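To start, the structure itself, in structure tokens.
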Amino acid sequence: MIVESRLVTIRKPTVEDGPALSVVFRDCWRNAYAGIIPAMHLERMIQTRDAKWWDNAIKRDGDMLVLEVGSMVAGYATFGRSRGSRKYQGEIYEIYLAPVYQGLGFGEHLFEACRHNLDMRRLRGLIVWALADNARATDFYWRRGGRPVSEINEQFGAVKLAKLAFTWT
């Protein structure tokens with residue numbers, strides 16, 4: 001599905017998007033996870049997602065959508081078949097908007113575009129994981145109607161962080 005308006009376009013990525021996606025990822029992760037994920041681990045994770053990493057991800061032709069505002073890459077989402085749940089067949093793996101575009105309704109457009117793509121594949125149910133301490137993400141999923149049904153821990157060095165599974169039927 002491609003969504004387009006005068007201001008917002010949701011589309012498949014192109015290899016030219018690699019540098020912009022790298023910046024969006026870096027800015028989102030620093031904004032969302034500073035003070036949650038230990039700084040050394042956070043920066044290491046950010047460094048792995050450079051422009052070359054994004055070029056390879058785009059060339060794999062995975063399930064990714066890019067959100068543009070005007071002509072600027074403002075965010076992205078990745079999605080597909082659930083990585084572990086049988087009850088919830090679809091999963092949104094990542095959904096990120098550059099901090100300057102957060103809180104303006106663009107995330108909802110990107111979220112719904114992912115849901116539409118998963119629905120077109122006839123995948124029943126949706127699951128999304130978010131760090132419990134990431135209030136912006138957990139609030140976003142609550143407002144979209146998701147409810148936490150499971151919790152696991154993810155290790156970042158000596159720090160163990162809770163992740164919540166939000167689901168939709």
Side-chain angles (χ1 to χ4, degrees), residues 13 18 21-54 56-58 60 62-67 74-119 121 123-169:
L21 289 169
S22 180
V23 170
V24 167
F25 180 82
R26 179 197 68 209
D27 293 350
C28 287
W29 274 59
R30 284 184 180 151
N31 185 59
Y33 302 121
I36 298 173
I37 296 175
M40 180 181 70
H41 296 281
L42 178 60
E43 288 306 313
R44 188 177 309 137
M45 294 170 83
I46 290 169
Q47 289 173 9
T48 64
R49 294 270 190 113
D50 59 9
K52 184 177 179 174
W53 186 95
W54 284 102
N56 291 331
I58 292 165
R60 283 191 305 268
D63 295 320
M64 184 186 306
L65 296 172
V66 170
L67 183 131
Y76 75 93
T78 60
F79 58 94
R81 183 167 289 281
S82 173
R83 295 174 285 188
S85 175
R86 289 192 175 154
K87 183 175 182 182
Y88 304 98
Q89 295 176 335
E91 183 173 350
I92 297 175
Y93 310 129
E94 297 178 293
I95 184 166
Y96 290 108
L97 282 174
V100 69
Y101 295 106
Q102 293 176 9
L104 302 173
F106 298 127
E108 184 173 355
H109 292 295
L110 194 52
F111 180 83
E112 291 302 327
C114 290
R115 285 186 70 165
H116 174 78
N117 276 276
L118 294 167
D119 287 347
R121 295 181 191 175
L123 296 174
R124 292 186 320 264
L126 172 65
I127 189 167
V128 178
W129 290 89
L131 287 177
D133 290 339
N134 184 350
R136 185 172 290 226
T138 58
D139 291 349
F140 177 82
Y141 297 128
W142 267 97
R143 288 191 312 275
R144 306 277 86 61
R147 296 298 175 257
V149 297
S150 182
E151 181 178 316
I152 62 171
N153 290 310
E154 187 166 343
Q155 197 78 31
F156 296 90
V159 176
K160 192 181 292 188
L161 298 174
K163 284 176 74 171
L164 301 174
F166 286 82
T167 60
W168 295 257
T169 53

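No experiment lies behind these values; they were computed from the predicted model shown.
Here CD of Glu108 is found 10.0 Å from CD1 of Ile95. Values are rounded to the nearest 0.5 Å. Note that CZ of Arg124 is 11.5 Å distant from OG1 of Thr169, once rounded to the nearest 0.5 Å. Interatomic distance, CD1 of Ile92 versus CG of Leu110, reported as 8.0 Å (0.5 Å rounding). In this structure, CD1 in Ile46 is found 8.5 Å from CG in Asp27, a value given to the nearest 0.5 Å. Put simply, CD on Glu94 and OG1 on Thr78 are 4.0 Å apart, with the number rounded to the nearest 0.5 Å. Taken from CG in Leu126 to CD in Gln89, the straight-line distance is 11.5 Å, to the nearest 0.5 Å.
Ring-plane geometry between His109 and Phe106 is classed as tilted, the angle between the planes lying from 30 to 60 degrees on a 0 to 90 degree scale. The aromatic rings of Tyr96 and Tyr33 stand perpendicular to each other, their planes meeting at an angle above 60°, with 30° marking the opposite boundary. Taking the six-membered ring where tryptophan is involved, the planes of Phe111 and Phe140 are perpendicular, since the angle between them exceeds 60° and thus also 30°.
Summarising the geometry of Arg60 relative to Trp53, their closest heavy-atom pair is NH2-CZ2, 4.5 Å, with the distance given to 0.1 Å. Among all heavy-atom pairs drawn from Leu65 and Ala113, the shortest one is CD1-CB, 3.7 Å. Residues Asn134 and Ala32 approach most closely at ND2-CB, 3.9 Å, considering heavy atoms. The minimum heavy-atom distance linking Ile127 with Thr167 is given by the pair CG1-CG2, 3.9 Å. Looking at every heavy atom in both residues, Ser22 comes nearest to Arg49 through OG-O, 3.1 Å. The two atoms that bring Lys163 and Trp129 nearest to each other are O-CZ3, 3.7 Å, heavy atoms only.
Distance alone, capped at 3.5 Å, is enough to place a donor-acceptor pair between the Ser82 side chain and the Tyr88 backbone.
The shortest side-chain heavy-atom distance between Lys87 and Val149 does not fall under the 4.5 Å cut-off. A heavy-atom distance below 4.5 Å is not found between the side chains of Arg26 and Gln47. Side-chain atoms of Phe156 and Arg44, non-hydrogen and from C-beta on, never get closer than 4.5 Å to each other. Between Phe79 and Arg115 there is no side-chain heavy-atom pair separated by less than 4.5 Å. Counting only heavy atoms from C-beta outward, the side chains of Trp142 and Arg147 approach each other to under 4.5 Å.
Around atom CZ of Arg86, no more than 12 heavy atoms belonging to other residues, nucleotides or ligands sit under 6.0 Å away.
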**Request:** Could you walk me through whether Asp63 and Arg121 pass side-chain contact (heavy atoms from CB on, under 4.5 Å), step by step?
**Result:** CA-CA 12 Å; Asp63 295 320; Arg121 295 181 191 175; 2.5 Å; yes

**Request:** Please step through side-chain contact (heavy atoms from CB on, under 4.5 Å) for the pair Thr138 and Phe166, ending with a clear verdict.
**Result:** CA-CA 8 Å; Thr138 58; Phe166 286 82; 3.8 Å; yes

**Request:** Evaluate side-chain contact (heavy atoms from CB on, under 4.5 Å) for Ile37 paired with Leu131, printing each intermediate quantity in order.
**Result:** CA-CA 10 Å; Ile37 296 175; Leu131 287 177; 4.1 Å; yes

**Asked** side-chain contact (heavy atoms from CB on, under 4.5 Å) between Val159 and His41: does it pass, once the steps are laid out?
**Response** CA-CA 10 Å; Val159 176; His41 296 281; over 6 Å; no

